[in-house]
S.K.: 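The structure that follows is given in the form of structure tokens.
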Amino acid sequence: MRKKIVAGNWKMNKTPSEAIELAKLLKDSDTSKCDVVFCVPAIDIIPVGEVIKGTGIGLGAQNMYFEDEGAYTGEISPKMLVDAGVSYVIIGHSERRQYFAETDESVNKKIKKALEYKLIPIVCVGEALEEREKGIAFEKIRMQVKLAFEGISAADAEKIIIAYEPIWAIGTGKVATDDQAQEVCKEIRNVLNELYGGVSENIRIQYGGSVNGKNAAGLFAMADIDGGLIGGASLKDEFKDIIASVK
Ligand code: 13P
């Protein structure tokens with residue numbers, strides 16, 4: 001039985017002092033039914049970590065570099081994340097692929113490096129509207145998953161979380177229907193089954209893209225959707241309603 005996981009992706013929002021306020025607002029989120037994670041901007045990791053200490057809420061980063069340390073101005077290493085109390089790291093978010101030249105190859109390198117440091121990668125995949133309209137959404141996602149997991153053992157694959165985030169649903173208010181989201185998450189599990197056999201049943205797959213307090217319950221009830229990666233609605237009290245939607 002896969003435990004559901006609801007993670008907030010705060011993106012580039014909240015200064016350190018604002019982040020402390022938001023973490024205080026959300027720190028009583030119910031962690032009894034699912035894993036709950038706050039993926040916060042790098043500069044907010046330490047102050048938010050202080051606020052949520054002892055709550056059961058996991059601390060996550062939104063990116064990392066694939067080297068241990070060195071002359072990579074502006075980057076943050078997995079070693080730094082671990083030392084700061086981070087347990088999860090989002091890798092390959094579509095915004096990073098789109099604006100910061102993240103590729104399937106760098107995603108794969110980052111996943112391997114994160115695993116080396118026992119960080120849990122939340123790996124994002126998803127198709128653009130144009131790809132969906134051309135009928136190539138499945139091909140796109142199959143390829144992203146295969147390249148992300150290249151060279152990763154079954155034992156490691158089991159630790160990874162995948163977030164299916166259709167690009168057309170991110171920040172648009174245009175959520176995928178329960179069936180659309182389920183169809184793709186099922187296809188992702190099919191790919192994982194081709195790669196790892198039965199282990200695919202243990203890998204958690206989240207849906208992300210305009211999830212809110214009203215549509216979360218329907219999405220989370222689908223057979224292959226194991227929770228959500230939440231953007232806008234993770235910055236308000238509504239995040240708790242989303243968590244409460246986990247049955
Ligand atoms: P929204 O929930 O704001 O659509 O963002 C989804 C997302 O990109 C989470 O990573």
Side-chain angles (χ1 to χ4, degrees), residues 4-14 18-19 22 26 29 34-42 44-45 48 57-64 86-100 102 107 110-111 114 119-129 131-132 137 140-141 144-145 148 160-178 180-182 184-185 188 204-220 222 225-246:
K4 288 205 169 22
I5 172 163
V6 177
N9 174 7
W10 293 11
K11 306 195 178 183
M12 197 179 74
N13 295 294
K14 304 299 169 187
E18 290 167 347
L22 179 58
L26 300 177
S29 296
C34 63
D35 289 333
V36 176
V37 183
F38 297 167
C39 296
V40 307
D44 298 335
I45 286 171
V48 169
I57 296 167
L59 190 56
Q62 300 173 10
N63 183 33
M64 52 161 260
V86 168
S87 323
Y88 297 82
V89 58
I90 297 174
I91 293 178
H93 192 281
S94 62
E95 287 150 15
R96 294 217 56 88
R97 294 179 192 252
Q98 188 179 350
Y99 306 129
F100 304 101
E102 191 87 78
V107 166
K110 288 181 178 188
I111 295 170
L119 288 162
I120 300 172
I122 299 178
V123 180
C124 301
V125 297
E127 82 285 1
L129 183 60
E131 290 161 333
R132 174 160 285 265
K140 167 75 178 284
I141 286 150
Q144 284 182 325
V145 172
I160 298 172
I161 295 162
I162 299 184
Y164 166 54
E165 299 205 307
I167 295 168
W168 48 270
I170 296 177
T172 57
K174 235 170 104 181
V175 66
T177 64
D178 299 345
Q180 278 175 328
Q182 162 60 22
V184 178
C185 290
I188 292 172
R204 295 186 287 180
I205 305 173
Q206 299 173 305
Y207 167 80
S210 296
V211 177
N212 60 35
K214 294 200 176 72
N215 60 31
L219 290 159
F220 296 173
M222 304 308 284
I225 300 180
D226 307 312
L229 184 57
I230 321 299
S234 72
L235 301 171
K236 30 188 181 175
D237 201 56
E238 186 178 359
F239 189 59
K240 292 186 220 170
D241 300 334
I242 296 175
I243 293 166
S245 307
V246 174

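In listed order, ligands and their atoms are each counted from 1.
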S.K.: Among all protein non-hydrogen atoms, which one is nearest to atom 9 (C) of ligand 1, and what is the separation to 0.1 Å?
M.R.: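 Protein heavy atom at minimum distance: E165 OE2, 2.8 Å.
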
S.K.: Going by distance only, is there an N or O of H93 that falls short of 3.5 Å from an N or O of ligand 1?
M.R.: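 Such a contact does occur with ligand 1.
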
S.K.: Would you indicate whether the side-chain heavy atoms of S210 and T172 approach each other to under 4.5 Å?
M.R.: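 Heavy-atom side-chain distance check passes, below 4.5 Å.
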
S.K.: Which atoms of ligand 1 sit under 4.0 Å from any heavy atom of G209?
M.R.: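 Per the distance check, 4 (O), 6 (C).
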
S.K.: Are K140 and E131 within salt-bridge range, i.e. N to O under 4.0 Å?
M.R.: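 Yes, charged N to carboxylate O under 4.0 Å.
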
S.K.: At a 4.0 Å cut-off, with the gap strictly under it, does some heavy atom of S234 reach an atom of ligand 1?
M.R.: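 In this structure, S234 fails to qualify as a contact of ligand 1 - no heavy atom is under 4.0 Å.
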
S.K.: Residues in salt bridge (Lys or Arg N to Asp or Glu O under 4.0 Å) with K214, at least two apart?
M.R.: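 Salt bridge (Lys or Arg N to Asp or Glu O under 4.0 Å) check on K214 returns nothing, list empty.
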
S.K.: Side chains of E95 and I90, heavy atoms from C-beta outward: is any pair under 4.5 Å?
M.R.: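 E95 vs I90: side chains apart.
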
S.K.: Taking atom types as modelled and ignoring hydrogens, do the side chains of H93 and E165 form a donor-acceptor contact shorter than 3.5 angstrom?
M.R.: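 E165 and H93 do have a side-chain donor-acceptor pair below 3.5 Å.
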
S.K.: Looking at G171, which atoms of ligand 1 are within less than 4.0 Å of one of its heavy atoms?
M.R.: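 Selected atoms, number and element: 1 (P), 3 (O), 4 (O).
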
S.K.: Looking at residues at least two apart in the chain, or sitting in another chain, which of them share a salt bridge (Lys or Arg N to Asp or Glu O under 4.0 Å) with D237?
M.R.: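 Listed in chain order: K240.
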
S.K.: Considering the heavy atoms of L229, write down every atom of ligand 1 situated less than 4.0 Å from one of them.
M.R.: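 Near L229, meaning under 4.0 Å from one of its heavy atoms, ligand 1 has 9 (C), 10 (O).
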
S.K.: Should you measure from each heavy atom of G232, which atoms of ligand 1 turn up under 4.0 Å away?
M.R.: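 Heavy-atom distances to G232 below 4.0 Å select 1 (P), 2 (O), 3 (O).
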
S.K.: Tell me which protein heavy atom sits closest to atom 5 (O) of ligand 1, plus the residue, atom name and distance to 0.1 Å.
M.R.: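 I find the closest protein heavy atom is K11 NZ, 3.2 Å.
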
S.K.: Identify, for atom 2 (O) of ligand 1, the protein heavy atom at the shortest distance, and state residue, atom and that distance.
M.R.: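 Residue, atom and distance for the closest contact: G231 N, 2.9 Å.
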
S.K.: For a 4.5 angstrom cut-off between non-hydrogen side-chain atoms, does F220 reach Q206?
M.R.: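 With C-beta onward as the side chain, the pair stays apart.
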
S.K.: With backbone taken as N, CA, C and O and side chain as the heavy atoms from C-beta onward, which portion of A169 lies under 4.0 Å from ligand 1: side chain, backbone, both, or neither?
M.R.: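 Just the backbone.
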
